[in-house]
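Okay, so here's the structure we're looking at.
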2 protein chains.
Amino acid sequence: MNTAEQLVPVLAAGGPGLARGLRLAEARLAEVADAHGEVLADYAGGTLKAGGKRLRPLLVFLCAGRTDPDERVVAAAAAVELLHMATLVHDDVLDRASLRRGYPTVFATAGRDAAIATGDLLFSRAFAELAATGSAPAVQALSAASTALARGELMQRDDAWSPAVTAARYRERCALKTGSLFAASSRLGAELGGRGSAHADALATFGDRIGVAFQILDDVLDVSGPVEETGKHRGTDLLDGTVTLPLIVARERDSELRELDLRTAATTPREAEALCDRIAASGALEQSRGEALEIVASAKRDLAEIDLESWQREALDLVADGVVARYA
Amino acid sequence: MNTAEQLVPVLAAGGPGLARGLRLAEARLAEVADAHGEVLADYAGGTLKAGGKRLRPLLVFLCAGRTDPDERVVAAAAAVELLHMATLVHDDVLDRASLRRGYPTVFATAGRDAAIATGDLLFSRAFAELAATGSAPAVQALSAASTALARGELMQRDDAWSPAVTAARYRERCALKTGSLFAASSRLGAELGGRGSAHADALATFGDRIGVAFQILDDVLDVSGPVEETGKHRGTDLLDGTVTLPLIVARERDSELRELDLRTAATTPREAEALCDRIAASGALEQSRGEALEIVASAKRDLAEIDLESWQREALDLVADGVVARYA
């Protein structure tokens, strides 16, 4: 789901209402970036321009299920993307990242301090957007996701370079770091669509699974490359100590890998690439990818049981396929 | 308002209801710190234990005006303090501060990365607390304040070492950085107290003024010391480039100060102390203090016109006096 072409069939399924909603959300994001002084426009404008897949707003619209989305749905779509952007801006500080999607990060342009404050501002605006909907459950859903994101980040830092990270703990982290906001996006859409809480729960579960699969596949891509597609060196996770599923699986399969001290195993990009090759040779990438595909398949199976309009089901199915297609 | 003794008359005016409310808010803060995993308990627990004046929760209770505060008022009181704590945790990263109120900061204990994530978590919990009240205007008030805090921080970084910072721009920054959350605390209390929006506006204006005066006096204290009272060296603002009212006024009064290059004028604690002496010699501290006292006096005059219970007025008057007393 990272090219415009992949979005085409989803937009076709969603019809003019979906396209209009996405345009309105985009306009809202641009307004927020402009409405808070030159400094934010400069910094957040860059983050905005860098674009991105807008997967989370898409889930809001698709789960809201109206062909012509109302203002509250647009606000929720903008809110989830603002929260996502806030975490990206802070993540780039943590990772000392200079580029994101080919654009300079706020961290690179304006420095660490401005990036922390810019992230805080985007955070605040996410809640402001949602508060304007007047829906308390919506604000609760977003704050629950926001808490989960921060917990996931803390867990990741806490587990850095740890040989004790199990696959179960890794999955929990994926659910916190990525599943939570996919789930909240789906829940927000469903709740604003007004189809009741069981319906919203079912769609939130779908969102959570798609998010976890997305994260696993992203972590596979960090090991497999190719660099031309990811836009970054292979093995960045190894260099910053993030223990992901491919490494966990590879260590189960390869006793020499198991004995490596993770902190010293790869300290240069060249060493990281070599370790990536070693992980790939163990068959860990296929196993990890297989796990992600199985999660997507089960999300799609359960989706078939949810009472949805046919265009919604079709579009959500395409989103699920898009998550997988990126890594085919 | 920084010693327990100064709180005694306020508590006396507020009666057992106020004391109970503050205890409940404190318990809620402790619960939040405990409810999000060991990591947060360790980090945020320290921030919590470090205590603080709890001025913002106090304003919530006093402006709510009920002798026995309900759950929603307690949640709002916890929310404003959580947001305040979030900004402190991030500020400590920006300032590379190792101690706050005599306790090690999250930044010092756990490092920059964990501190950014801990701040994000506290942020999220602030909104979660408030969302639980079901009041959309309450969430809007908090997100407006949260946005203002981040804008104030960005403005401060942007204006660092700038000789072009006017007194008016400085006051705008004080309103963003400090007035906004004092105002939001008062507004939240008033709104949950259910006395209508004109009443809430009037109390928010009171809160804003007290906050701005508090910030000006804090900035005076950074120049004047004494170190025994502030717990930090004099001139920390000069060292990190924060241009405050005493410096602005001193440069208007002393042409040699006006010609200094701010970036090189004080680069060591010893040079900062010498510059503090020079600022003090210009009479800038008296003028700055005078401005703050005039703001407090006008806040108190307008308070007399607001329709309040006599215990509320008495307690809010004491809070205003407490802000001043700290610097007497």
Side-chain angles (χ1 to χ4, degrees), chain A residues 32 35-40 42-43 83 86-87 90-91 93-95 110-160 176 240, chain B residues 32 35-40 42-43 83 86-87 90-91 93-95 110-160 176 240:
Chain A
V32 170
H36 295 282
E38 274 173 46
V39 183
L40 181 67
D42 287 353
Y43 301 161
L83 180 58
T87 62
H90 280 178
D91 283 355
V93 179
L94 302 180
D95 299 338
R112 192 197 52 177
D113 296 356
I116 295 177
T118 300
D120 288 353
L121 207 158
L122 291 169
F123 243 119
S124 308
R125 293 328 293 168
F127 285 98
E129 283 299 303
L130 214 52
T133 67
S135 163
V139 176
Q140 279 175 299
L142 194 73
S143 57
S146 167
T147 302
L149 293 170
R151 287 191 62 180
E153 196 60 46
L154 281 170
M155 187 191 264
Q156 181 168 323
R157 304 286 143 186
D158 216 40
D159 283 355
L176 290 170
D240 73 11
Chain B
V32 170
H36 295 282
E38 272 173 45
V39 183
L40 181 68
D42 286 354
Y43 302 161
L83 179 58
T87 64
H90 281 177
D91 283 355
V93 178
L94 302 180
D95 300 339
R112 190 198 53 174
D113 296 356
I116 295 177
T118 300
D120 289 353
L121 208 157
L122 292 168
F123 244 117
S124 309
R125 295 326 295 167
F127 285 98
E129 284 298 303
L130 214 52
T133 67
S135 164
V139 176
Q140 278 176 300
L142 194 73
S143 57
S146 168
T147 303
L149 293 170
R151 287 191 62 178
E153 195 61 46
L154 279 171
M155 187 190 262
Q156 180 168 324
R157 305 285 143 185
D158 216 40
D159 284 354
L176 290 170
D240 72 11

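Chain letters run A, B, ... following the sequence lines, proteins first and then strands; every chain starts at 1.
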**Study point:** Between B:R125 and A:T147, a side-chain donor and acceptor under 3.5 Å
**Key:** yes

Check your understanding: Pick from A:S135, A:A128, A:A144: which one has the most heavy-atom pairs with chain B under 4.5 Å?
Key -> A:A128

Exercise for review: Mind ranking B:A126, B:S124, B:G152 by heavy-atom pairs under 4.5 Å with chain A and telling me who comes out on top?
Suggested key: B:S124

Point to revise | Side-chain heavy-atom pair B:H90, B:E153 within 4.5 angstrom cut-off | key: no

**Study point:** Per-residue contact mode, B:A132 against chain A (heavy atom under 4.5 angstrom)
**Key:** both

**Study point:** Engaged part of B:F127 at the chain A interface, taking heavy atoms whose separation is under 4.5 Å
**Key:** both

Practice item. May I ask you to name which of B:V139, B:L83, B:D120, B:T87 has the most heavy-atom pairs under 4.5 Å with chain A? Key: B:D120

Exercise for review: Name all residues meeting the salt bridge (Lys or Arg N to Asp or Glu O under 4.0 Å) criterion together with B:D240; count only those two or more places apart in sequence or in a different chain, and write none if there are none.
Suggested key: none

Point to revise | Listed partners of B:D91 passing salt bridge (Lys or Arg N to Asp or Glu O under 4.0 Å), at least two apart | key: none

Review point. Of all heavy-atom pairs between B:A150 and A:A117, which one has the smallest distance, and what is that distance?
Key: CB-O, 3.7 Å

Exercise for review: Select, from A:I116, A:L149, A:V93, the one with the greatest count of heavy-atom pairs under 4.5 Å involving chain B.
Suggested key: A:I116

